Amino acid sequence: MENFPFHDGSIYDMLDTRHTDTRPDVNHSLQMHSSLVRRLSQERELEGHQGCVNAISWNSKGSLLISGSDDTRINVWSYSSRKLLHSIDTGHSANVFCTKFVPETSDELVVSGAGDAEVRLFNLSRFSGRGLDDNAITPSALYQCHTRRVKKLAVEVGNPHVVWSASEDGTLRQHDFRQGSSCPPAGSSHQECRNILLDLRCGAKRSLADPPKQTLSLKSCDISSTRPHLLLVGGSDAFARLYDRRMLPPLTSCQKRMSPPPCVNYFCPMHLSEHGRSSLHLTHVTFSPNGEEVLLSYSGEHVYLMDVNHAGGRAMRYTVGDASKIMSFTPTLNGLELQPPIHDFLQTNIRVRGEVATGLGKCRMLVEIARNSLEEGKHPYYGIEACNEVLEGHLSGIGPMLRHECLCIRAALLLKRKWKNDAQMAIRDCYNARRIDSSSFRAHLYMSEALEQLCKYKEALDFAIAAQCLDPSNSVMAEKVENIKKHIAAEKNNKANDGGARSEPRTGRVLSLSDIIYRSEANSDASQDGPRSEREDSDYDEEVEVDFRTSVPGDEGRDVEANFLHGSLNVRIHRRGDSARETVDANGSSGSPSSSSQNDRIPYQPETVIDMKQRYVGHCNVGTDIKQASFLGQRGDYIASGSDDGRWFIWEKQTGRLIKMLLGDEAVVNCVQCHPFDCVVATSGIDSTIKIWTPSASVPSIVSGGAAGPDTADVLEAMESNQRKLSRNREHSLSYELLERFHMHEFSEGSLRPFECAQS
């Protein structure tokens, strides 16, 4: 794949034709051209912070860069000189997580949000005539109405009066500088700040089928630069939400919880919508430069691209049950499915177009590369990239049979690679292949293998039997069918044994770990809103016993097993009253929306969700919850993300093809921000410095080192290591999450009794 050009073509041809090109954004394509991106290398390291740099942002002109850090300072840097201009002692008592220039203020107003739940506004003009060491100024505005960490700020292009703050308390607040420069601290008896634009304290969904109940701890938000009435938020569940600010109710106070307002769109990859685990959450959401797409970055997951609008059939939609439908065998008659197809989320990708000559030879060559990768035992990665190039980059130039061939080969390669959710992607390919050719032996075979990898043995058996019917002489299929039947029999025996053990009487009901986390969240949230006497009634009389095995920070070069703690965590949660009270609806407790009693009588209708159209793999996002994924350039043709291995990755947006991997931190890269106009990128992370990257390398390459030293040339080795960490950490994330919350004292005072945490 190294020799195949990217979709933006030759930069020399572009330079020759740009004077005759009538497209209004022709010069935009030169900003982040592939030939420049592949020459990116570290030009400068900005020193001035004393802790992790958690936030970086350019001003609208690109002349200034602002940063926020664990040292509670905001630094302002000159782009032209790469020098520190101002270092503000913010007065925050905890880590600064977000900072922005306020638009249309001549870059004099800057705003910050921090772990102390405060939002602060500063006027840089007050530094006029001062030296760099004289950095203490009083904030022009101080908002203390949040009750938990402020993780993200948003501003509107052309609006100098308002800033929006997203907090882990489940609210997104609108701060208008014209209406007041301060508000009382959270919990004050006279606090009546009517600045809540989104109240999502009862907005988190465990899965698509479940109604929202728990607090959606907001991690990220963004306002569209092209349609500023559109607001995107993401937090502690799998679903990003798009709101139209013109359709939202008036601003409210925190004194009374409100039901979540209706949103314009939900976004979530289909395979993540029904997991139902509380640890899955978003760390970053953002609009594309033209506002037509959104990018989602998940903790313990990959980066995903979605379309904003589903009008005209562009976006891919689904609803409850669609994920199980594509995994279920549907008999066919005369080539037609007996069951109607699911929502049009996949139909846009399987429309049969006539073959055209353009690019057809290249596509056949790429398919042959992928086939050789599968048959010759090579690493599947480059074969998958070849298939991606055909299916995502040349869809209109290939006919149905070549598309079917490519889908089957990619499915087989994904099953061979076994990276996170590769089996789910293989299922999509097999589904599309069956819609092209309902009697495809390989589509049924690979679908069966994918379902086996997901331990869905009953569904796998249906497809294995179908494949056996399509090729009765195949002895391998007969053996596969028998093996799947053995798995099903073993599952039945295990369930029977478990059922016997569970039939023993118990004084209390055993909850899953995710249940404990969700209920403790609900109690903790109620503690912020209701008096103590009300909270005490929500105590539980249940217990959970957890075995945990979780990694601790340490040298990545050590033996893996040495970096794990082994032990058990025993928690007992007491609830007053008898067991009959377990039937009381959780929404009836204090802190729930006032309309919940009415809503409970109405059956919950799950929403229609927009599905992914591309995913980007290779990085690792499990260590921090501020990991960003960004569009690069004014056209957003490339996608970038930080990673837990100290690298940051750049992919081609259209095909998901990796174009560059750069070593940018000794531990973790969290922030990646592209300059508004130039081919320049700023990154930051656990190091106390900011790295500036420019296309200054003498030759293009797929890897680049930084101050941390030269990077390994083995791209696959780095990505394989990230995938192992991604899977390993997610398997034990629930145990680690609960343990961490105990250490952070995030459970409400009335909901938990003393606990034991014994290491063995």
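Please read all numbers here as calculations on a predicted model, not as lab measurements.
For the residue pair D471 / S473, a side-chain donor-acceptor distance below 3.5 Å is found, with atom types taken as modelled. Under the 3.5 Å distance criterion, with hydrogens and angles disregarded, no donor-acceptor pair is assigned to the side chains of N388 and Q614. Between D645 and S721, the side chains place no donor N or O within less than 3.5 Å of an acceptor N or O (distance only, hydrogens not considered). For the residue pair H444/R434, the side-chain donor-acceptor check at 3.5 Å is satisfied.
The heavy-atom pair separating F239 from S273 by the smallest distance is CZ-O, 3.7 Å. Of all heavy-atom pairs spanning A240 and L296, the tightest one is CB-CD2, 3.6 Å. Considering every non-hydrogen atom in both P606 and V320, the closest pair reads CB-CG2, 3.2 Å. Heavy-atom minimum distance, L415 versus A423: CD2-CA, 4.2 Å. Between A412 and Y446, the closest heavy-atom pair is CB-CZ, 3.5 Å. Considering all non-hydrogen atoms of both residues, W651 and V617 come closest at NE1-O, 3.0 Å.
Atoms CZ and OG, from R635 and S288 in turn, are 12.5 Å apart once rounded to the nearest 0.5 Å. The distance from the CG atom of L716 to the CE atom of M661 is 9.0 Å, given to the nearest 0.5 Å. The structure places CG of L391 at 12.0 Å from CD1 of I384, a figure rounded to the nearest 0.5 Å. The distance from atom CD1 of I488 to atom CG of L461, rounded to the nearest 0.5 Å, is 4.5 Å. Summarising the geometry, atom NE2 belonging to H284 is positioned 9.0 Å from atom OG belonging to S641; distances are rounded to the nearest 0.5 Å. Taking CE of M477 as the reference point, atom CD1 of I465 lies at 9.0 Å (rounded to 0.5 Å).
Checked against salt bridge (charged side-chain N to carboxylate O under 4.0 Å, His left out), D462 has no partners two or more places apart in sequence or in another chain. Here S475 pairs with nothing under the side chain to side chain donor-acceptor pair (under 3.5 Å) rule; sequence neighbours left out. Residues meeting the ring-ring contact (aromatic ring centres under 6.0 Å, His included) test with Y457, sequence neighbours left out: H487. E482 meets the side chain to side chain donor-acceptor pair (under 3.5 Å) test with no other residue; sequence neighbours excluded. The side chain to side chain donor-acceptor pair (under 3.5 Å) check on E293 picks up K613, K653, with sequence neighbours excluded. With sequence neighbours left out, R442 forms a side chain to side chain donor-acceptor pair (under 3.5 Å) with E405.
F631 has its side chain within reach of I639: a pair of non-hydrogen atoms, C-beta onward, lies under 4.5 Å apart. R371 has its side chain within reach of E368: a pair of non-hydrogen atoms, C-beta onward, lies under 4.5 Å apart.
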Y298 vs N621, side-chain contact (heavy atoms from CB on, under 4.5 Å): CA-CA, chis, key distance, verdict
CA-CA 7 Å; Y298 285 90; N621 179 10; 5.7 Å; no
Mind running side-chain contact (heavy atoms from CB on, under 4.5 Å) on C268 and Y304 for me, showing each step along the way?
CA-CA 9 Å; C268 180; Y304 294 92; over 6 Å; no
Take K213 and R206 through the test side-chain contact (heavy atoms from CB on, under 4.5 Å) and record every step on the way to the result.
CA-CA 9 Å; K213 290 183 179 180; R206 298 189 64 176; over 6 Å; no
Do D422 and Q453 pass the side-chain hydrogen bond (donor to acceptor under 3.5 Å, both in side chains) test, and can you show the C-alpha distance, the side-chain angles, and the key distance before you say yes or no?
CA-CA 10 Å; D422 274 356; Q453 287 190 14; over 6 Å; no
E459 vs M447, side-chain contact (heavy atoms from CB on, under 4.5 Å): CA-CA, chis, key distance, verdict
CA-CA 9 Å; E459 294 86 350; M447 179 71 90; over 6 Å; no
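When H619, K418, H302 are each tested for a side-chain contact (heavy atoms from CB on, under 4.5 Å) with Q723, only one passes: H302. No option in R615, M327, M270 other than M327 meets the side-chain contact (heavy atoms from CB on, under 4.5 Å) test with Q424.
A salt bridge does not link R317 with D322: none of the charged nitrogens is closer than 4.0 Å to a carboxylate oxygen. Ion pair K458/E491 not flagged as a salt bridge, since none of the NZ, NE, NH1 or NH2 atoms sits closer than 4.0 Å to an Asp/Glu carboxylate oxygen.
Between the side chain of E385 and the main chain of R657, no donor-acceptor pair closer than 3.5 Å is present. Here the side chain of D429 pairs no donor or acceptor atom with the backbone of R410 at under 3.5 angstrom.
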